[in-house]
Amino acid sequence: MIFQLIFSPEARGQLAALEKGQDKADRVKLKKVRKCLGLIETNPTHPGLNSHKYESKKGLNGEEVWESYVENRVPSAWRVFWHYGPQRGFITILAIRPHP
């Protein structure tokens, strides 16, 4: 099943900041984030995402929040935080940021 992605204002802002980045590191990070988002859109359980429930946060309506890896084994590795919904066939992207 292909999901339609909805971005929270926070996630939209974080993605826009990466897109405005001028240095090579920002372009590399943006490429990784886009790949991660593409995998979430087509298969949120893809093994490369290492998606798992993020226990310390809930969605606005109490939804289970998931964490997917943008990168791994690097300092301040980036993650995408998301939940299913608001309805079937949708995924809401809550945040795109370094692991807390």
Side-chain angles (χ1 to χ4, degrees):
M1 168 181 225
I2 303 246
F3 292 89
Q4 184 174 341
L5 300 183
I6 299 171
F7 292 84
S8 72
E10 179 183 351
R12 196 176 311 116
Q14 292 158 333
L15 189 57
L18 279 176
E19 289 170 342
K20 290 179 186 175
Q22 298 297 317
D23 62 14
K24 183 179 179 181
D26 288 333
R27 289 190 300 273
V28 169
K29 188 79 65 192
L30 178 61
K31 183 176 179 180
K32 290 178 181 180
V33 166
R34 285 182 173 157
K35 179 180 179 182
C36 179
L37 292 172
L39 288 172
I40 290 171
E41 186 175 41
T42 58
N43 181 8
T45 61
H46 186 282
L49 292 172
N50 294 310
S51 295
H52 57 278
K53 289 181 188 174
Y54 190 68
E55 300 296 334
S56 61
K57 184 171 179 147
K58 295 284 184 194
L60 293 175
N61 297 312
E63 301 94 347
E64 293 179 329
V65 172
W66 295 79
E67 172 183 17
S68 295
Y69 289 28
V70 171
E71 53 193 2
N72 198 12
R73 297 187 184 115
V74 296
S76 298
W78 279 54
R79 305 287 191 256
V80 173
F81 297 88
W82 56 274
H83 68 74
Y84 290 101
Q87 51 193 274
R88 185 170 167 79
F90 289 85
I91 287 179
T92 301
I93 305 298
L94 299 171
I96 304 165
R97 63 174 184 232
H99 189 276

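Because only heavy atoms are used, hydrogens play no part in the values below, and waters and symmetry mates are left out as well, while side chains stay in.
Side-chain contact between Lys57 and His83 is absent, with no heavy atoms from C-beta onward closer than 4.5 Å.
Val28 is not connected to Leu39 by any chain of hydrophobic side-chain contacts under 4.5 Å among Ile, Leu, Val, Met, Phe, Trp and Tyr, and they are in different clusters. The hydrophobic cluster containing Val80 also contains Phe7, counting ILVMFWY residues as joined when their side-chain heavy atoms lie under 4.5 angstrom apart, directly or transitively. Residues Leu18 and Phe81 are members of separate hydrophobic clusters, defined by side-chain heavy-atom contacts under 4.5 angstrom among Ile, Leu, Val, Met, Phe, Trp and Tyr.
Under the 3.5 Å distance criterion, the side-chain polar atoms of Ser51 are left unmatched by any main-chain donor or acceptor of Thr45. Within the 3.5 Å criterion, the main-chain N or O of Lys29 finds no donor-acceptor partner in the side chain of Arg34. With hydrogens and angles ignored, the 3.5 Å screen pairs no side-chain donor or acceptor of Arg79 with any backbone N or O of Arg97. Put simply, the side chain of Glu71 gets close to the backbone of Trp78: a donor and an acceptor are under 3.5 Å apart.
How far NE2 of His46 is from CD of Glu41: 14.0 Å, rounded to the nearest 0.5 Å. With values rounded to the nearest 0.5 angstrom, Ser8 atom OG is found 8.0 Å from Ile96 atom CD1. Interatomic distance, Lys58 NZ to Leu94 CG, rounded to the nearest 0.5 Å: 12.5 Å. Taken to the nearest 0.5 Å, the CG atom of Leu30 stands 13.0 Å off from the NZ atom of Lys20. Atoms CG and CG, on Leu37 and Leu49 in that order, are 9.5 Å from each other to the nearest 0.5 Å. Summarising the geometry, atom CD1 belonging to Ile93 is positioned 13.5 Å from atom CH2 belonging to Trp66; distances are rounded to the nearest 0.5 Å.
The closest side-chain donor-acceptor pair between Glu67 and His52 falls under 3.5 angstrom.
The side-chain contact (heavy atoms from CB on, under 4.5 Å) test with Trp82 singles out one residue from Thr92, Val65, Ile40, and that residue is Ile40.
Counting non-hydrogen atoms of neighbouring residues, nucleotides and ligands closer than 6.0 angstrom, the CG atom of Leu60 reaches no more than 12 such neighbours. Remark: Gln22 CD is loosely packed, at most 12 non-hydrogen atoms of other residues, nucleotides or ligands lying under 6.0 Å away.
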